[in-house]
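This report concerns only the one structure given below.
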Number of protein chains: 2
Amino acid sequence: MKKREVPASVKDERLVKKRRNQMIKGAITLFKQKGFHQTTTREIARASGFSIGTLYEYIRKKEDVLYLVCDRIYDEVRDRMEQAIDTRQGDLNSLKLAIAYYFKVVDELQDEVLVMYQEAKSLGKDSLPYVLNKELQMVAMFENILKRCVGNGVFHLNEREIQLFAHNIFVLGQMWGFRRWALKKLYTLEEYIEIQTKLLLEGIMKRT
Amino acid sequence: MKKREVPASVKDERLVKKRRNQMIKGAITLFKQKGFHQTTTREIARASGFSIGTLYEYIRKKEDVLYLVCDRIYDEVRDRMEQAIDTRQGDLNSLKLAIAYYFKVVDELQDEVLVMYQEAKSLGKDSLPYVLNKELQMVAMFENILKRCVGNGVFHLNEREIQLFAHNIFVLGQMWGFRRWALKKLYTLEEYIEIQTKLLLEGIMKRT
DNA sequence: ATTTAATGAACGAGCGTTCGCTCGATATTG
DNA sequence: CAATATCGAGCGAACGCTCGTTCATTAAAT
């Protein structure tokens with residue numbers, strides 16, 4: 001006679017969405033400040049604008065909040081990317097623009113990206129692969145652009161080089177987020193984009 | 001009337017070192033498995049081979065253990081690097097060797113590096129800068145090699161490009177550690193070193 | 001005998017989670 | 001149109017437990 005087994009499906013969908021959004025927004029604020037582990041469920045409830053009891057009407061475990069947060073952040077990043085990046089063009093310029101735009105997104109969502117990076121590991125065995133897969137999807141966006149470029153003869157890379165290069169772009173973008181303690185002292189975002197693009201595309205050899 | 005204020009200075013230096021080493025060794029094992037937050041002080045004590053009471057004879061707070069662990073891991077990585085890398089030569093080959101060796105060290109100390117990466121943020125306001133500084137020292141090793149190369153006319157990079165490139169090498173090394181879930185499916189360590197070196201040095205433009 | 005090292009039971013703050021209750025809104029009845 | 005019954009979102013005190021930390025006691029060393 002489990003009383004509260006599937007509360008969500010019974011409740012009004014609109015309300016559930018609204019409450020979840022409140023939760024995610026409040027939780028992200030807190031996680032940015034103190035991280036997942038240091039944040040208590042009571043704090044999340046308070047920041048969401050309702051009580052601890054109500055919080056548990058919409059989740060089963062504290063970890064569920066983390067999952068919702070990570071999910072949302074990935075969607076946010078991916079949406080912004082898809083909105084602005086053209087993966088079909090396949091010329092050098094659209095690659096440069098994609099890199100620049102991605103770096104800017106990472107910069108805008110610095111805290112969010114940092115949160116995800118530092119806390120994703122705390123996700124359970126089920127949620128983690130789901131989230132990591134979302135990351136691979138984003139790497140695949142760069143892979144696609146690169147493939148088009150190779151197809152158009154802009155440069156030559158084999159399949160495995162493309163994959164690694166896409167990972168590099170992705171990670172060096174994140175680097176702007178998780179190493180800002182060192183990088184912000186040295187570069188503005190624009191400088192970072194410029195130099196990084198140059199290093200990525202031209203390498204260091206044979207330059208005038 | 002603080003009784004146990006400075007226990008270390010009173011106790012036998014040899015013993016303190018020995019106990020600390022036991023602690024670090026035990027703690028690293030546990031942190032690798034479960035992370036810092038999920039690891040209990042009692043577990044650390046047990047893994048170190050003594051009791052919870054004894055543990056607190058050699059530290060004041062749980063966080064102290066994390067500090068000791070991070071400190072040790074950095075020293076370990078740096079020692080191995082210094083032991084094998086020649087920063088004075090300044091030719092292309094010694095740069096390649098340095099990259100390859102660094103990547104190998106990251107591979108050997110995968111778990112340790114991962115631990116540090118994921119847990120360093122839990123360090124207090126005092127210890128964190130100290131640890132981050134150790135990281136900058138390692139980046140500086142690559143900067144030195146690069147400077148020598150530039151000095152020898154191997155390639156041309158300005159000061160800021162050198163700094164960023166050094167960060168890139170450092171982070172792309174760590175990438176092998178913290179993105180192994182994706183990368184190990186695609187590359188062996190040797191392949192990773194080879195392709196990454198090529199991409200770093202030659203870039204992607206103008207290749208035959 | 002005195003000092004130093006080691007111990008682990010005891011403490012208590014803080015945590016995630018639960019569940020009996022409230023109370024306004026809605027539906028039903030007379 | 002009341003009067004009444006039903007519903008369920010919202011609530012927060014209370015529970016059970018974990019964990020970091022302490023300290024009185026014992027054992028070992030000098």
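In what follows, chains carry the letters A, B, and so on, assigned in the order in which the sequence lines appear, proteins first and then strands, with residues in each chain numbered from 1. For the numbers below, each heavy atom of this structure counts, side chains included, while hydrogens, waters and symmetry mates do not. Because the structure is a prediction, the values reported are computed rather than measured.
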Partners of [X] by side chain to side chain contact (heavy atoms under 4.5 Å, CB included), sequence neighbours excluded?
{"X": "Lys104(A)", "value": "Leu189(A), Ile193(A)"}
{"X": "Ser127(A)", "value": "Glu63(A), Tyr67(A), Leu123(A)"}
{"X": "Leu132(B)", "value": "Trp181(A), Leu128(B)"}

Which residue pairs pass the salt bridge (Lys or Arg N to Asp or Glu O under 4.0 Å) test when at least one of the two sits in residues 167-180 of chain B, sequence neighbours left out?
Glu135(A)-Arg179(B), Asp111(B)-Arg180(B)
Which pairs count as salt bridge (Lys or Arg N to Asp or Glu O under 4.0 Å) when at least one residue sits in residues 23-41 of chain A, sequence neighbours excluded?
Lys32(A)-Glu112(A), Lys34(A)-Glu43(A)
OP1 or OP2 of dT21(D) under 4.0 Å from side-chain N/O of Tyr56(B):
yes
Reckon Ser51(A) has a side-chain N or O less than 4.0 Å from the OP1 or OP2 of dC11(D)?
yes
Tabulate below the donor-acceptor pairs under 3.5 Å that side-chain atoms of residues 137-150 of chain B make, not counting sequence neighbours, or state none.
| unit_1 | atom_1 | unit_2 | atom_2 | d |
| --- | --- | --- | --- | --- |
| Asn144(B) | ND2 | Ala140(B) | O | 3.4 |

In whole angstroms, how far is the [atom2] atom of [N] from the [atom1] atom of [X]?
{"X": "Arg46(B)", "N": "dG8(C)", "atom1": "CZ", "atom2": "P", "answer": "12 Å"}
{"X": "His37(B)", "N": "dG20(D)", "atom1": "NE2", "atom2": "P", "answer": "11 Å"}
{"X": "Lys62(A)", "N": "dG16(C)", "atom1": "NZ", "atom2": "P", "answer": "4 Å"}

With sequence neighbours left out, write down each residue that passes salt bridge (Lys or Arg N to Asp or Glu O under 4.0 Å) with Glu194(A), or none if nothing qualifies.
none
When you compare the protein's N or O atoms with those of nucleotides 22-26 of chain C, which come within less than 3.5 Å of each other, and at what distance?
none

In B/S/- notation (B base, S sugar-phosphate only, - none; protein heavy atoms under 4.0 Å), nucleotides 9-14 of chain C written 5' to 3' is BB----
Decide, yes or no, whether a salt bridge links Asp75(B) with Arg78(B) under the criterion of side-chain N to carboxylate O below 4.0 Å.
yes
Heavy atoms within less than 4.0 Å of DNA chain C: which residues of residues 25-36 of chain A have one? Give them sorted by number.
none
Does any pair with a residue in residues 73-96 of chain B pass ring-ring contact (aromatic ring centres under 6.0 Å, His included), and if so which ones, sequence neighbours excluded?
none
List the atom pairs, with distances to 0.1 Å, where a side-chain N or O of residues 83-92 of chain B and a protein N or O form a donor-acceptor pair under 3.5 Å, not counting sequence neighbours.
| unit_1 | atom_1 | unit_2 | atom_2 | d |
| --- | --- | --- | --- | --- |
| Asp86(B) | OD1 | Arg88(B) | N | 3.0 |
| Asp91(B) | OD1 | Ser94(B) | N | 3.2 |
| Asp91(B) | OD1 | Ser94(B) | OG | 2.8 |

